[in-house]
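Contents: one structure, followed by commentary.
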Amino acid sequence: MRSLIFILLLAIPCSLAIIKETIECARVQRNSTCFIEGVTFESPTEEYFAAFPTSSHIIIESSEILHFSAQLFDALAETAFLTLKGCLIPTVTFRSDELHCLRIDNTGLREFAVTPHENRNLNTLIINGNPLSAIPPNVRYLTALSILDLSNNQLEYVKLGWFQTMDNLLVLDLSGNRIARIDVHPSLRLARLKNFWINHNHLQNVPFFPNFAPSLRRVRLVENHWSCEWVAQVRQSIWDSVIQVYGAEYLCADKLDGGLCCYEGYPLNNTDIQFEQAEVTYFDNKRHSEPFPRAERLTAVVEKQAERQHVLLKQSYSVLEQKYRRLVEQKEQLEQRFINTVRELERTVQRLTAELTEAQDTIRAQNLKIVL
């Protein structure tokens, strides 16, 4: 009896391997890219029995996977590039020793997690067009990243210290979010960062900019709520460091300084917020302190910010109204030009018609003379 039970226990893993179902490619491109469509997992159990096809590049689209779990990443046997796009995938838990590039594009992603193990393989992480509002501090475990693109999401807060472990980080794109605050420790150095995009956010200042990026060469800053004091402070630093600033603004609600809209009265630093110390464990088992604001002391700051936002909204409304009026004027001018052009064409057609009629009459008269 015991021998029979032992045989059955040995057979269980084999039976699980046999019934594991490989998801098929809907189509395969010439470069061996596998497109997977219409995948749906109704229960977490199905994830354990799923196997992806052997392909270096897999694109999953038009699918519904409520949680792209660590087990699903494990099922990507030899995949180096994975793209999730045009799907419903609200949660992703990343774990992979094979992937070099992960892209999550318009999947309704709300929660992105990274397993707490140092990863030295993932080179590129792109998360675009999702309602993602927070970056997990565990992103620091992705130490091999050279490109980190988190643009066009709904991020509200970023701590650059999360990226300090990424020794090869060249590109950091935080544009098109709702970021109102970026925390930077005075000693932080992102040694190799060359491209830093923070345009189209709600920022008033970025502390210790650009000192934290000694190799910075290109930056985008437009469409924020910059403090004029901060703009004046960093302008000379940008010039001295030979940093190219892409984009410029021309119409501002308050003040224009060096191609950036800025607003008087904003504090240069959040010195009115006091911080507590909270310990966090990094992957190297060392403990470090991170600041968190005391909740009871934030009330005054929040009220000030609300008042500033109200003033800013009124100013923005005035700017938009001016833009609208100018567009209306341009529309009327274009319409008048179009009408004038049409009338001129009508006169030209009438003249050509008259000349053609006259020429036809002349030809008929000549032909009549010849017949006579």
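With contacts defined as side-chain heavy-atom distances shorter than 4.5 Å, the pair R235/D257 qualifies. Using a 4.5 Å cut-off on side-chain heavy atoms (C-beta onward), S151 and W197 make no contact. Y246 is not listed as a side-chain neighbour of L221, based on a closest heavy-atom distance of 4.5 Å or more. Residues F81 and L99 are not in side-chain contact: their nearest non-hydrogen atoms beyond the backbone lie 4.5 Å or more apart. Looking at F73 and L82, their side chains come closer than 4.5 Å, going by heavy atoms from C-beta outward. Under the 4.5 Å side-chain criterion, counting only non-hydrogen atoms from C-beta, F52 is in contact with L72. Within the 4.5 Å cutoff, no side-chain heavy atoms of N106 are placed close to those of N128. With contacts defined as side-chain heavy-atom distances shorter than 4.5 Å, the pair F94/L142 qualifies.
For the atom pair CE (M166) and CG (L145), the distance works out to 5.0 Å, reported to the nearest 0.5 Å.
A donor-acceptor pair shorter than 3.5 Å can be found between the side chains of S187 and H185. Under the 3.5 Å distance criterion, with hydrogens and angles disregarded, a donor-acceptor pair is assigned to the side chains of Y157 and D183. In summary, the side chains of S146 and N168 do not present any donor paired with an acceptor at a separation below 3.5 Å, with no hydrogens or angles considered.
Salt-bridge check for D167 with R192: failed, with every basic side-chain N at 4.0 Å or more from each acidic carboxylate O.
At most 12 heavy atoms of other shown residues, nucleotides or ligands fall within 6.0 angstrom of atom CZ in R120. Other residues, nucleotides and ligands place more than 12 heavy atoms under 6.0 Å from the CD atom of Q29.
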**Request:** Apply the test disulfide (SG to SG under 2.5 Å) to residues C34 and C25: give CA-CA distance (whole Å), side-chain angles for both, the deciding distance (0.1 Å), then the verdict.
**Result:** CA-CA 6 Å; C34 169; C25 302; 2.0 Å; yes
**Request:** Might you work through the side-chain contact (heavy atoms from CB on, under 4.5 Å) test for L216 and F209, ending with a clear yes or no?
**Result:** CA-CA 10 Å; L216 191 64; F209 177 87; 3.8 Å; yes
**Prompt:** Going through the distances and angles, do H67 and S69 end up as a side chain to side chain donor-acceptor pair (under 3.5 Å)?
**Reply:** CA-CA 5 Å; H67 182 198; S69 63; 5.1 Å; no
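Cation-pi contact between R27 and F35: present, with separation from the ring centre below 6.0 Å and deviation from the ring axis of at most 45°.
No donor-acceptor pair under 3.5 Å is formed between the side chain of T83 and the backbone N or O of I59. Remark: side-chain polar atoms of N119 are paired, donor with acceptor, to backbone N or O of S96 under 3.5 angstrom. The backbone N or O of E98 lies less than 3.5 Å from no partner atom in the side chain of N121, so there is not a single donor-acceptor pair. Side-chain N or O atoms of N177 include none that pairs as donor or acceptor with a backbone N or O of H200 at under 3.5 Å. Using a distance-only test at 3.5 Å, with no hydrogens or angles considered, no donor-acceptor pair links the side chain of S241 to the main chain of I243. Side chain of N153 to backbone of N130: a donor-acceptor contact under 3.5 angstrom is found. No side-chain donor-acceptor contact under 3.5 Å links H225 to the backbone of C262. Not a single donor-acceptor pair under 3.5 Å links the side chain of D149 to the backbone N or O of L125. Judged purely by atom type and a 3.5 angstrom limit, D240 has no side-chain atom pairing as donor or acceptor with the backbone of S237. A distance-only check finds no donor-acceptor pair linking the side chain of S55 to the backbone of I58 [under 3.5 Å].
F208 is connected to F163 through a chain of hydrophobic side-chain contacts under 4.5 Å among Ile, Leu, Val, Met, Phe, Trp and Tyr, so both are in one cluster. Follow the hydrophobic side-chain contacts under 4.5 Å out from I238 and you reach W226 in the same cluster.
Taking all atoms of both residues into account, the shortest heavy-atom contact from A180 to L203 is C-CD2, 3.8 Å. When all heavy atoms of L251 and C261 are compared, the closest pair comes out as O-SG, 3.7 Å. When every heavy atom of V114 is checked against every heavy atom of V139, the shortest pair comes out as CG2-CA, 4.3 Å. The two residues D105 and R103 have their closest heavy-atom pair at OD2-NH2, 3.6 Å.
Aromatic ring centroids of F212 and F196 lie under 6.0 Å apart.
None of I135, I179, V158, D173 except one satisfies the side-chain contact (heavy atoms from CB on, under 4.5 Å) rule with L150; the exception is I135. Of the candidates R218, R220, R217, R218 is the only one forming a side-chain hydrogen bond (donor to acceptor under 3.5 Å, both in side chains) with N195.
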